[in-house]
Amino acid sequence: MPSKMKLEVEDQQLADGAVVEEVVQPVVRGFVKDWDAMEDLLNYVLYRNIGWEIGDEGQILFTEPLFTPKTLREQLVQLMFEKFNVSGFYASEQAVLSLYAVGRISGCTVDIGHGKIDIAPVCEGAVQHVASKRLEIGGVDLTNLFAQELKKSNPSVNFDTSDVERLKEQYACCAEDQLAFEAIESSCQPERHTLPDGQVITIEKEGYIVGEALFQPSILGLEDYGIVHQLVTSVSNVSSEYHRQLLENTMLCGATASMTGFEDRFQRDANLSASAIWPSLVKPPEYMPENLARYSAWMGGAILAKVVFPQNQHVTKGEYDETGPSIVHKKCF
């Protein structure tokens, strides 16, 4: 479900009744930052979209990004029991759930989210936090990069953020390797595109620059290694007996992972890595949808929910009332 929110605020300096819209972001870089907005969003999702009825709420499972602080976990479980009156609660880490979606309990996930990239080795269903990494870049940074590049080649055009996001989904792609990218930079043929408002723009190498930024973060102004090197380094910090199992069950997650050419480029760079064991990507089961990478944590959560709730492994209302929010750390791990 779309989760963009705007807050309408009366502006005293404008005419009577004038309203100014402010963009609200309940979640920033993977973590809840605005709890009032989050409550409004959940209220909209659960009661209006899913169809819960007040007084007859169900059970709920949340997916958690890597390194979620304990205080946020407690605030979430408190919100669900005290404001939404749920009958049961469970939370599990996105890396574990994504692997469940492809029938694995061990492997390594590379999750490219809206505001972060999480790289998490998972052994027997447990995230190896000491070896895991979070990169503070994500889809939103690639969107901003794309907007900057489009503005350079189309200086007279005013781009709306939603237009840039749609264009990114359509044109963002990865070159076969760094040499191919450098060749494209100098020889890419321009393509004309008409925006919804009728403005005509030219798109050349901008889409390739977006994809290349994941392998060369210097494009985003970051002094860091590319995504494949980060994966190999992360796994190297786990006990060597797990290296093969982790690297040979690598999973790409998040909407950005479905970018044209991304999987091929990732595998090509992986085959050139200095690692003794080359990372290889997990192929999803045939019965899973084609866009599994985009929704893998959700899909894994749906699988897990069919186990934890019937077997009473979740946090119940009685347990919450007796112990308080800290119960989440004992039951959800």
Side-chain angles (χ1 to χ4, degrees), residues 2-4 23 25 28-30 110-119 135-231 252-270 272 281 290-291 293-294:
S3 56
K4 288 187 177 178
V23 175
Q25 292 183 304
V28 178
R29 302 286 181 197
V110 180
D111 190 341
I112 311 172
H114 178 70
K116 47 75 183 177
I117 297 175
D118 286 342
I119 299 175
L135 309 178
E136 296 286 320
I137 60 173
V140 65
D141 302 285
L142 298 180
T143 299
N144 293 337
L145 172 65
F146 193 41
Q148 291 169 17
E149 295 298 324
L150 286 174
K151 197 67 181 172
K152 289 178 187 176
S153 51
N154 300 273
S156 62
V157 177
N158 292 318
F159 290 97
D160 181 77
T161 303
S162 58
D163 287 339
V164 176
E165 288 179 345
R166 281 193 293 269
L167 289 168
K168 186 185 75 171
E169 289 186 12
Q170 184 176 348
Y171 289 100
C173 55
C174 291
E176 284 187 3
D177 53 32
Q178 189 171 336
L179 286 175
F181 171 70
E182 290 168 0
I184 286 166
E185 274 198 298
S186 57
S187 63
C188 191
Q189 295 299 311
E191 186 174 338
R192 290 165 66 85
H193 181 95
T194 304
L195 298 175
D197 62 3
Q199 295 183 95
V200 178
I201 63 169
T202 301
I203 297 178
E204 296 182 45
K205 60 188 179 184
E206 293 86 357
Y208 286 97
I209 292 174
V210 170
E212 193 65 22
L214 293 168
F215 300 92
Q216 295 189 63
S218 58
I219 292 173
L220 287 164
L222 301 172
E223 293 182 7
D224 219 334
Y225 290 104
I227 197 167
V228 173
H229 187 280
Q230 298 281 5
L231 166 68
L252 303 177
C253 320
T256 302
S258 58
M259 183 191 304
T260 302
F262 179 70
E263 273 196 23
D264 292 340
R265 172 64 181 279
F266 188 95
Q267 189 65 70
R268 183 182 288 262
D269 278 22
L272 297 172
L281 300 177
E290 287 185 8
N291 60 351
R294 185 184 289 259

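Numbering of residues begins at 1 and proceeds along the displayed sequence.
Put simply, the side chain of E176 does not reach to within 4.5 Å of the side chain of D264, judged on heavy atoms. Side chains of Y225 and P217 form no contact here, defined as non-hydrogen atoms less than 4.5 Å apart. Side-chain atoms of I112 and L252, non-hydrogen and from C-beta on, never get closer than 4.5 Å to each other. No side-chain heavy atom of I117 sits less than 4.5 Å from a side-chain heavy atom of D111. In this structure the side chain of Q178 reaches within 4.5 angstrom of the side chain of Q216, judged on heavy atoms. Counting heavy atoms from C-beta on, the side chains of E191 and E204 never come closer than 4.5 Å. At a threshold of 4.5 Å between non-hydrogen side-chain atoms, the residues L150 and V157 do not count as touching. For the pair E149 and I203, the minimum side-chain heavy-atom distance is 4.5 Å or more.
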Next on the checklist: If you apply the rule side chain to side chain contact (heavy atoms under 4.5 Å, CB included), what do you find for H229 with D269, and how did you get there?
Outcome noted: CA-CA 9 Å; H229 187 280; D269 278 22; over 6 Å; no

Checklist entry - Passes side-chain hydrogen bond (donor to acceptor under 3.5 Å, both in side chains), S153 versus E206? Steps please. => result CA-CA 9 Å; S153 51; E206 293 86 357; 2.6 Å; yes

Checklist entry - When you look at Y208 and C173, which way does the side chain to side chain contact (heavy atoms under 4.5 Å, CB included) test go after all the steps? => result CA-CA 5 Å; Y208 286 97; C173 55; 3.5 Å; yes

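In Q25, the CD atom is not crowded: 12 or fewer heavy atoms of neighbouring residues, nucleotides or ligands sit closer than 6.0 Å.
Atom OG of S156 sits about 7.5 Å away from atom CD of Q199, to the nearest 0.5 Å. Note: L195 CG to I201 CD1 = 4.5 Å, rounded to the nearest 0.5 Å. Here the CG-CD1 distance, from L214 to I137, works out to 6.0 Å after rounding to the nearest 0.5 Å. Note: D197 CG to N158 CG = 9.0 Å, rounded to the nearest 0.5 Å. Atom CZ in R166 sits 10.5 Å away from atom OG1 in T161 (nearest 0.5 Å). For the atom pair E165 CD and D163 CG, the distance stands at 9.5 Å (nearest 0.5 Å).
Across every non-hydrogen atom of V210 and A172, the tightest pair is CG1-CB, 4.0 Å. Contact detail for A270 and V228: the closest heavy-atom pair is CA-CG1, 3.8 Å. Minimum interatomic distance between G211 and C174 (heavy atoms only, all atoms of both residues): CA-SG, 3.8 Å. Here the shortest heavy-atom pairing between A183 and S186 reads O-OG, 3.0 Å.
Between the side chain of K205 and the backbone N or O of S187 there is no donor-acceptor pair closer than 3.5 Å. Without hydrogens or angle criteria, D177 side chain to A180 main chain gives a donor-acceptor distance under 3.5 Å. Judged by distance alone, with hydrogens and angles left aside, the side-chain atoms of Q267 form a donor-acceptor pair with the main-chain N or O of L281 at under 3.5 Å.
Residues that satisfy the ring-ring contact (aromatic ring centres under 6.0 Å, His included) test with Y171, not counting sequence neighbours, are H193. Residues passing the ring-ring contact (aromatic ring centres under 6.0 Å, His included) test with F215 are F262, sequence neighbours excluded.
Between K116 and D141, no side-chain nitrogen of the basic residue sits less than 4.0 Å from a carboxylate oxygen of the acidic one, so the salt-bridge criterion is not met.
Listed by first and then second residue, the salt bridge (Lys or Arg N to Asp or Glu O under 4.0 Å) pairs that reach into residues 207-224 are E212-R265, sequence neighbours excluded.
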